[in-house]
Visitor: 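Before anything else, here's the structure in question.
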Amino acid sequence: MKRILRPIVWVCALLGATSLSAQTLMLKTAIDETLSHHPDVKTFMLHIQQAEQGYNAAYADYLPQLDLSATYSPQTTYALTQNGTFHTIDDTGWNAGVTLHQKVWDFSKTSSLVEASKTDEEISRLSLGEAKALLAYKVKSLYELLIVQKEAIRARQKDLEAKKAFYGQSKALVKQGLKTHADANRFLSAVYVSEDNLAVSKAAFEKARISLSLYMGANIPDDVKLQSSALKKHQHVNSSAEREVLAHNYKIRKDKLNIDKNKLIHRSTQAAHFGSIDLVASHSRLDTLNSYNSDYVGVSYNVPLYTGGRMSAQEQQAKIGYQIAQEQKASNILALKEELRGLIVDIRRYEKSIRAKKAQLHSAQSTQKELEARYKEGLSTYIEVLDSTTLVLNAKLGLLEAYYSRSLAIDRIDYLKGKI
């Protein structure tokens with residue numbers, strides 16, 4: 001009998017462990033699910049495919065171009081000379097042929113456009129990386145907000161239970177003639193306020209849960225277990241953080257590539273002034289008054305002499321685009337430095353705030369215990385007890401808020417570094 005029961009016990013224990021682990025949502029799981037489901041990621045993946053096709057279209061100018069042409073005329077007037085006399089005759093006619101064009105040299109116009117298209121493809125890949133990093137940052141924010149609200153619900157629930165207990169004690173003391181109805185009513189009012197604050201925290205938790213569920217594309221149960229360590233992470237920020245951000249930030253990397261792209265486009269518009277040298281070969285069959293084949297093989301050189309200022313305007317437009325890209329990069333670097341330095345200041349401030357809130361919470365809890373004991377002996381008023389309870393609650397919530405704010409700042413720096 002023991003041999004039969006032992007496997008059953010192990011199976012039940014395994015199922016129980018699986019059930020508990022199924023309720024635990026890890027931060028990495030939330031990020032991975034979002035990146036595999038969110039439409040923004042799929043959109044940027046399509047942008048990469050679009051850029052790849054743009055590269056293929058630009059590269060096609062290197063390859064031979066084959067054209068097929070055919071014409072038919074039901075009536076055409078032909079001029080003839082016979083015995084020194086000029087005659088005309090009307091007859092049908094048709095011709096069909098194939099022409100091959102192969103670019104030989106265009107002064108780097110095509111090669112510049114091909115390189116620009118390749119750069120555009122790299123920019124699209126960086127945009128995908130930036131979108132993933134931004135989504136990861138948003139998921140971290142929602143996940144940490146869930147932790148904060150879950151802890152806030154727990155703290156407010158305990159606060160509500162304590163005030164209900166005080167209210168019950170006050171009613172008992174009123175019956176004994178040791179306290180007045182004002183004490184009981186004040187505790188009852190505090191119970192109502194605590195219930196309202198608890199409802200606010202539950203609503204905030206529900207909103208964050210719904211938002212994260214939509215990001216992940218999966219339902220998150222109300223009793224989900226969270227990775228609480230994600231909120232209390234610490235990061236040492238040193239002087240090398242700025243260099244690391246400037247080296248890995250997706251926006252700055254895209255700006256650098258955008259400068260290269262516009263430079264290549266400008267080079268291509270400059271080369272367009274010199275025309276191109278092409279190899280041309282054709283074969284045609286003509287059937288007019290006479291039927292015959294026509295073959296041609298040769299080299300052609302085409303150079304634009306006058307285009308109404310269009311090519312010059314395109315060149316200036318590309319030059320201005322290159323200058324804009326340079327200034328945009330400089331502007332983004334300034335904005336990035338400003339944001340990063342502000343985040344570093346905030347992190348240092350939040351660390352001091354966390355230490356202060358911890359000390360404040362410890363002091364408030366000690367005071368609360370003392371006042372509760374004094375109140376039972378009739379040595380403290382209900383106002384002092386409520387104030388001490390509120391002080392403890394505010395210290396707990398303040399500590400949670402400081403942890404959350406520091407964590408958001410650290411997550412933001414990770415996003416600026418391009419980390420997921």
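Bear in mind that the values here come from a model prediction, so they are computed numbers and not experimental data. These numbers come from the heavy atoms of this one structure, side chains and all, not from hydrogens, waters or symmetry mates.
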Visitor: Heavy-atom distance under 4.5 Å between the side chains of V104 and V299, does that happen here?
Guide: no
Visitor: Can you measure from CG (N293) to CZ (R285) and round to the nearest 0.5 angstrom?
Guide: 5.0 Å
Visitor: Are any side-chain N or O atoms of Q65 and backbone N or O atoms of L63, one a donor and one an acceptor, separated by less than 3.5 Å?
Guide: yes
Visitor: Kindly indicate, with the supporting measurements, whether the criterion side chain to side chain contact (heavy atoms under 4.5 Å, CB included) is fulfilled by L231 and Y404.
Guide: CA-CA 6 Å; L231 184 65; Y404 179 60; 4.0 Å; yes
Visitor: Using a distance-only test with no angle check, is there a side-chain donor-acceptor pair under 3.5 angstrom linking Q328 and N332?
Guide: yes
Visitor: Looking at Q102 and Y62, would you say the former's side chain and the latter's main chain have a donor-acceptor pair under 3.5 Å?
Guide: yes
Visitor: Check this for me: Q270, atom CD, are more than 12 non-hydrogen atoms of other residues, nucleotides or ligands nearer than 6.0 Å?
Guide: yes
Visitor: Can you find a pair of side-chain heavy atoms, one from Y215 and one from E33, that are under 4.5 Å apart?
Guide: no
Visitor: Heavy atoms, side chains only, cut-off 4.5 Å: are I333 and K329 in contact?
Guide: yes
Visitor: Regarding E161 and K158, does a basic nitrogen lie under 4.0 Å from an acidic carboxylate oxygen?
Guide: no
Visitor: Give a yes or no answer on whether the side chain of Y143 reaches the backbone of I31 with a donor-acceptor pair at less than 3.5 Å.
Guide: no
Visitor: Please report the closest heavy-atom contact between G97 and L68, naming both atoms and the distance.
Guide: O-CD1, 3.2 Å
Visitor: Verify the neighbour count for atom OH of Y72: are there more than 12 heavy atoms of other residues, nucleotides or ligands below 6.0 Å?
Guide: yes
Visitor: Would you call K233 and D411 a salt bridge, using N to O less than 4.0 angstrom?
Guide: yes
Visitor: I'd like to know if E122 pairs up with R125 as an ion pair, taking the criterion as any Lys NZ or Arg NE/NH1/NH2 lying under 4.0 Å from an Asp or Glu carboxylate oxygen.
Guide: no
Visitor: Checking D278 side chain against V280 main chain: does a donor-acceptor pair fall under 3.5 Å?
Guide: no
Visitor: Spell out, as yes or no, whether a donor-acceptor pair under 3.5 Å connects the side chain of T29 to the backbone of L25.
Guide: no
Visitor: Find the distance between OH (Y55) and CD (E115) and round it off to the nearest 0.5 Å.
Guide: 9.5 Å
Visitor: Is the closest side-chain heavy-atom distance between V148 and E144 below 4.5 Å?
Guide: no
Visitor: Do I413 and K419 come within less than 4.5 Å of each other through their side chains, counting heavy atoms only?
Guide: no
Visitor: Set out, in order, the CA-CA distance, both residues' side-chain angles and the distance that settles side chain to side chain contact (heavy atoms under 4.5 Å, CB included) for L391 and Q368, then state yes or no.
Guide: CA-CA 9 Å; L391 188 61; Q368 183 185 34; over 6 Å; no
Visitor: Measure across K103 and D106 and return the closest heavy-atom pair with its distance rounded to 0.1 Å.
Guide: CD-OD2, 3.3 Å
Visitor: For F107, does the CZ atom sit with more than 12 other heavy atoms under 6.0 Å from it, leaving out its own atoms?
Guide: yes
Visitor: With distance as the sole test, does S363 use its side chain to make a donor-acceptor pair with the main-chain N or O of Q360 at under 3.5 Å?
Guide: no
Visitor: Short question: side chain of S407, backbone of Y403 - any donor-acceptor pair under 3.5 Å?
Guide: no
Visitor: I'd like to know if K417 pairs up with D414 as an ion pair, taking the criterion as any Lys NZ or Arg NE/NH1/NH2 lying under 4.0 Å from an Asp or Glu carboxylate oxygen.
Guide: no
Visitor: Could you go through the side chain to side chain contact (heavy atoms under 4.5 Å, CB included) check for Q149 and E206 one step at a time?
Guide: CA-CA 9 Å; Q149 294 303 334; E206 183 67 13; over 6 Å; no
Visitor: Should we say atom NE2 of H101 is surrounded by more than 12 heavy atoms from elsewhere, each under 6.0 Å from it?
Guide: yes
Visitor: Would you name the heavy atoms of L361 and A395 that are closest together and state the gap between them?
Guide: CA-CB, 3.7 Å
Visitor: Got a sec: does the CD of Q317 have more than 12 other heavy atoms crowding it under 6.0 Å?
Guide: no
Visitor: Examine the side chains of S194 and D159 and answer whether a donor and an acceptor come within less than 3.5 Å of each other.
Guide: yes
Visitor: Between the main-chain N or O of E244 and the side-chain N or O of H248, is there a donor-acceptor pair closer than 3.5 Å?
Guide: yes
Visitor: Verify whether one side chain among N95 and T71 offers a donor that lies under 3.5 Å from an acceptor in the other.
Guide: yes
Visitor: Just wondering, are more than 12 heavy atoms of other shown residues or ligands nearer than 6.0 Å to OH in Y78?
Guide: yes
